[in-house]
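Side-chain atoms are counted along with the backbone in the values below, which use heavy atoms only and exclude waters and symmetry mates. Lettering of chains follows the sequences in order, A, B, ..., and the numbering in each one begins at 1. In this text the structure is predicted, and so the values were computed from the model without any measurement.
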Amino acid sequence: MSPGRPMEEQHHLVQVRRQHLEELEQRGIDAYPHRYARSHRLAEVVAEGEKLAAAETKVMVAGRMMSKRRHGKTAFAHIEDEDARLQIYVRRDEVGDENYELFKLLEVGDHVGVEGSMMFTRTGELTVKAARVHLLGKTLRPLPEKWHGLTDKEIRYRQRYLDLLMNAEVRRDFRRRTEIIQTIRDVLIEDAFLEVETPILQPMYGGATARPFTTVYHALGDLKVYLRIADELYLKRLIVGGYDRVFEFAKDFRNEGMDRTHNPEFTMMECYAAYWDYEDVMGLVERVFARLAERFTEEGILQYGEHRIDFTKGFRRARFFDLLEEAVGQDLRKLSRDEVAAVARDLGVEVDESMGWGKLLDEIFSEKVEPTLIQPTFVCDHPRELSPLAKRHRSDPDLVERFEPFVAGFEVGNAFSELNDPRDQRARFEDQLRLREKGDTEAQRLDEDFLRALEYGMPPTGGLGLGIDRIVMLFTNRHSIRDVLFFPQMRPEGD
RNA sequence: GCGCCGCUAGCUCAAUUGGCAGAGCAACUGACUCUUAAUCAGUAGGUUGAAGGUUCGAUUCCUUCGCGGCGUACCA
């Protein structure tokens, strides 16, 4: 590990580079010029290679030098930019003595510009024959080895810039992250959703069950404020305010453990549509995944680890209690809280006394059903107790109109027919308060202003949250959330 | 939080039972005008994650700590 030490104490490899930098400056060369009049990106040169080489076209290209092979009075090197690499050929008798001396002082890692004409080498590789080489930015630290590259996960996560510059496939995956978000945004905008922004710092948190991060706001007398765990209650206020359809890509924060699928800050897309119910939202989720599958899979089949996931048939729809019954062999709906607890124990699911009926069912479901939900599935109609913001099921008051899309065994979202009856919403919050009094630190808070908003009338509304990081994991075939976040949470480096 | 594994040169990795800490690449010097993991000859590079202990002697064994990975728990 090489933490950033003061330059004075630097390693001899750094000292050598600093000496080269000084020598260059003594020759009057600016090691950090302001711009370079590039004529092509490398991918453009590569795409047009045949034509450019046939015409010996003059180009000005730029990139980071990733390899260098010197043979006396001639040399080859590769330069690389974001999405392509290109060989350069530098001959002393072409660039002149002075420029060749400059090139000798450049090293792997430096940013260089090359002015020259396109050609193919004897071995058939597209190459720029340099007429002149320019230094565009000097590197002071040595790059990891060219062959094995950088594999140490700690360095890859802590110094992501180094991971990105060494590993083109990592650059591609993060570019895809942006493309996935853009694809989802496109579908929403086509459906007339309006993109909005709501507060991250909130005086009262809500919209999910989780512990928050807290901070203080000095200007309001050290008022305790929270980083949002969800933006649900704010987006619903906007529906009350008369917007028809809204969405937000939100960074949410949850003060909980990290693992392969959890980072304390993560990205959730939430959207709400007036006059929709959860069946309408199912249609939206299917449109979103159909579009993602079209752009990012081969013919709708996604290879994720060992799984082949088929998006060509939409999502299977299955009810929460039916799936439970399939998995445990009996209908748990009519059982009492204690009977469910007994079933859970028999199944080897850990039970504790504070767990209510709904929580116990959820535990059994997580353990016995979720891992089996590989193909795209909507799990529908959950017990009411688990879902304090969802509307009662139109044909069964013990259930809510809710569904969770599952893919590859993980939950990628959550959706409801939104609860818009202010009396019922108040009663559900009060149930949560009772759970909190029993010691459930994650029970939801009663938000009086949100209730006031509902009392002004929210239309029937369908709402959805999508876990963006998990969706990116799916479509990049990555198995840790840390591989889809540029800068995952890490403990501070020691000295 | 708990369990297991790991941490050795800039990077990727070796080191027998506890017995002189090594290689490849990168770097430096020299040779080389179509190479591509360039080649050839030479040089330099280490507080073995940290502290303590056992021992004549510790990269190796023990204890504590730090960081990471994986699993598990918590967490929609």
Side-chain angles (χ1 to χ4, degrees), chain A residues 1-3 5 10-17 19-20 66-78 85-95 100 107-109 119-127 129 139-159 162 166 207-212 229-230 252 254-264 266 268 350 352 358-359 362-363 365-367 370 379 382 386-387 389 402 404-406 410-415 440-442 444 465-467 470 479-480 482 488 490-495:
Chain A
M1 273 115 291
S2 58
R5 290 178 294 259
Q10 282 294 354
H11 196 272
H12 76 274
L13 291 173
V14 173
Q15 285 169 9
V16 166
R17 284 172 179 250
Q19 275 168 23
H20 286 174
M66 297 304 284
S67 66
K68 188 182 182 191
R69 298 175 291 281
R70 279 195 49 222
H71 315 267
K73 299 180 186 63
T74 188
F76 290 88
H78 277 95
R85 63 165 49 202
L86 184 67
Q87 183 168 254
I88 66 175
Y89 178 35
V90 184
R91 291 169 60 106
R92 185 179 181 144
D93 58 10
E94 296 276 344
V95 301
Y100 196 75
E107 45 225 320
V108 168
M119 58 168 267
F120 281 100
T121 61
R122 188 183 290 162
T123 54
E125 182 167 350
L126 184 68
T127 298
K129 183 158 67 174
T139 309
L140 291 181
R141 289 175 185 259
L143 259 38
E145 187 221 348
K146 62 188 170 189
W147 187 242
H148 297 90
L150 178 68
T151 61
D152 185 298
K153 282 194 179 172
E154 183 167 0
I155 303 177
R156 290 187 47 222
Y157 295 150
R158 284 193 198 280
Q159 298 176 243
L162 197 55
M166 290 302 296
T209 52
R211 291 173 59 194
I229 58 174
D252 292 341
R254 298 187 183 177
N255 205 339
E256 286 155 1
M258 327 174 217
D259 63 24
R260 247 179 52 246
T261 56
H262 296 82
N263 193 70
F266 64 101
M268 175 109 89
E350 264 187 61
D352 91 61
K359 180 74 181 163
D362 192 40
E363 288 293 316
F365 192 89
S366 302
E367 201 140 326
E370 286 186 12
V379 176
H382 299 63
L386 290 174
S387 316
L389 300 167
R402 172 183 178 186
E404 294 175 306
F406 276 84
F410 43 75
E411 178 200 339
V412 295
N414 190 19
D440 182 350
T441 55
E442 280 140 13
Q444 299 196 19
L466 287 180
R470 291 179 186 179
H479 295 253
S480 169
R482 301 190 141 197
M490 301 284 279
R491 281 197 165 82
E493 283 177 82
D495 280 324

Rounding to 0.5 Å, atoms NZ (K359(A)) and OG (S366(A)) come to a distance of 7.5 Å
(message) Using only atom types and a distance under 3.5 Å, with no angle test, would you say the side chain of Y100(A) pairs donor to acceptor with the backbone of E94(A)?
(response) no
Pairs: protein N or O with nucleotides 72-75 of chain B N or O, under 3.5 Å:
from, atom 1, to, atom 2, distance (Å)
C74(B), N4, D259(A), OD2, 3.0
C75(B), O2', E256(A), OE1, 2.1
C75(B), O2', E256(A), OE2, 3.0
C75(B), O2, H262(A), NE2, 2.4

A correct 5'-to-3' footprint of nucleotides 23-32 of chain B, with B, S and - meaning base, sugar-phosphate only and no protein heavy atom under 4.0 Å, is -BBSSS---B
Check your understanding: Can you tell me how far P in U29(B) sits from the matching atom in A44(B), rounded to whole Å?
Key -> 15 Å
Students often get this wrong, so: under 4.0 angstrom with heavy atoms, is R491(A) touching a base, only sugar-phosphate, or nothing?
sugar-phosphate
When rounded to whole Å, the CZ to P distance for the pair R158(A) and G66(B) reads 14 Å
Could you work out the separation of C28(B) and G45(B) based on their C1' atoms and round it to a whole Å? 10 Å
Output row for RNA chain B, stems defined as at least 3 consecutive Watson-Crick or G-U pairs under 3.5 Å, is B:1-7 with B:66-72, B:10-13 with B:22-25, B:27-31 with B:39-43, B:49-53 with B:61-65
Sequence neighbours excluded, the answer for salt bridge (Lys or Arg N to Asp or Glu O under 4.0 Å) partners of R70(A) is none
Across all chains, not counting sequence neighbours, the salt bridge (Lys or Arg N to Asp or Glu O under 4.0 Å) partners of E107(A) are K138(A)
Here the distance between atom P of G69(B) and atom NE2 of H479(A), to the nearest Å, is 17 Å
Residues passing the ring pair (Phe, Tyr, Trp, His ring centres under 6.0 Å) test with H148(A), sequence neighbours excluded, are none
Across all chains, not counting sequence neighbours, the side-chain hydrogen bond (donor to acceptor under 3.5 Å, both in side chains) partners of Q87(A) are R69(A), T127(A)
On RNA chain B, more 5' by nearest nucleotide between D93(A) and S67(A) is D93(A)
Which part of the nucleic acid, if any, lies within contact of R482(A), taking any heavy atom under 4.0 Å across all strands shown: a base, the sugar-phosphate backbone alone, or nothing?
sugar-phosphate
Residues passing the side chain to side chain contact (heavy atoms under 4.5 Å, CB included) test with L13(A), sequence neighbours excluded, are H11(A), P142(A)
Rounded to whole Å, CG of L150(A) lies from P of G68(B) at a distance of 16 Å
Rounded to whole Å, CG of L126(A) lies from P of C34(B) at a distance of 19 Å
Discussion item. Taking A38(B) as the reference, what is the distance to A26(B) when you measure between their C1' atoms (whole Å, please)?
Written reply: 15 Å
Worksheet item: NA contact type, M166(A), heavy-atom cut-off 4.0 Å: base, sugar-phosphate, or nothing?
Response: nothing
Distance col, row K146(A):NZ vs M166(A):CE, nearest 0.5 angstrom, shows 11.0 Å
State whether R122(A) places a side-chain N or O below 4.0 Å from either non-bridging phosphate oxygen (OP1 or OP2) of C34(B). no
Margin query: Mind checking if G149(A) touches a base, just sugar-phosphate, or nothing, with heavy atoms under 4.0 Å?
Written below: sugar-phosphate
Taking N and O atoms by type only, does the side chain of Q87(A) place a donor or acceptor under 3.5 Å from a partner on the base of U35(B)?
yes
>> So, OP1 or OP2 of U39(B): does either fall under 4.0 Å of a side-chain N or O from R69(A)?
In response: no
When rounded to whole Å, the NE2 to C1' distance for the pair H78(A) and A37(B) reads 12 Å
Discussion item. If the cut-off is 4.0 Å, is T151(A) near the phosphate of U12(B), judged by side-chain N/O to OP1 or OP2?
Written reply: yes
Rounded to whole Å, the CZ-P distance (R92(A) to C34(B)) equals 15 Å
| said: Using atom C1' in both nucleotides, what's the gap between G69(B) and U60(B) to the nearest angstrom? | reply: 22 Å
Touch class at under 4.0 angstrom, heavy-atom based, for M268(A) against every strand present: nothing
Side chain to side chain contact (heavy atoms under 4.5 Å, CB included) filter on R85(A), not counting sequence neighbours, yields M66(A), H78(A), E80(A)
Y157(A) meets the ring pair (Phe, Tyr, Trp, His ring centres under 6.0 Å) criterion, sequence neighbours left out, with none
Heavy-atom nearest pair, A210(A) first then R254(A), reads CB-CD, 3.6 Å
Separation of G10(B) atom C1' from Q15(A) atom CD, nearest Å, is 13 Å
The ring pair (Phe, Tyr, Trp, His ring centres under 6.0 Å) partners of F365(A) (sequence neighbours excluded) come to F320(A)
Residue pair K153(A)/K129(A) against RNA chain B: nearer the 5' end by closest nucleotide is K129(A)
What does Y89(A) touch in the nucleic acid at a heavy-atom separation under 4.0 angstrom: a base, only the sugar-phosphate, or nothing?
base
Separation of C34(B) atom C1' from R91(A) atom CZ, nearest Å, is 9 Å
Taken in chain and number order and not counting sequence neighbours, the residues that satisfy salt bridge (Lys or Arg N to Asp or Glu O under 4.0 Å) with E256(A) are none
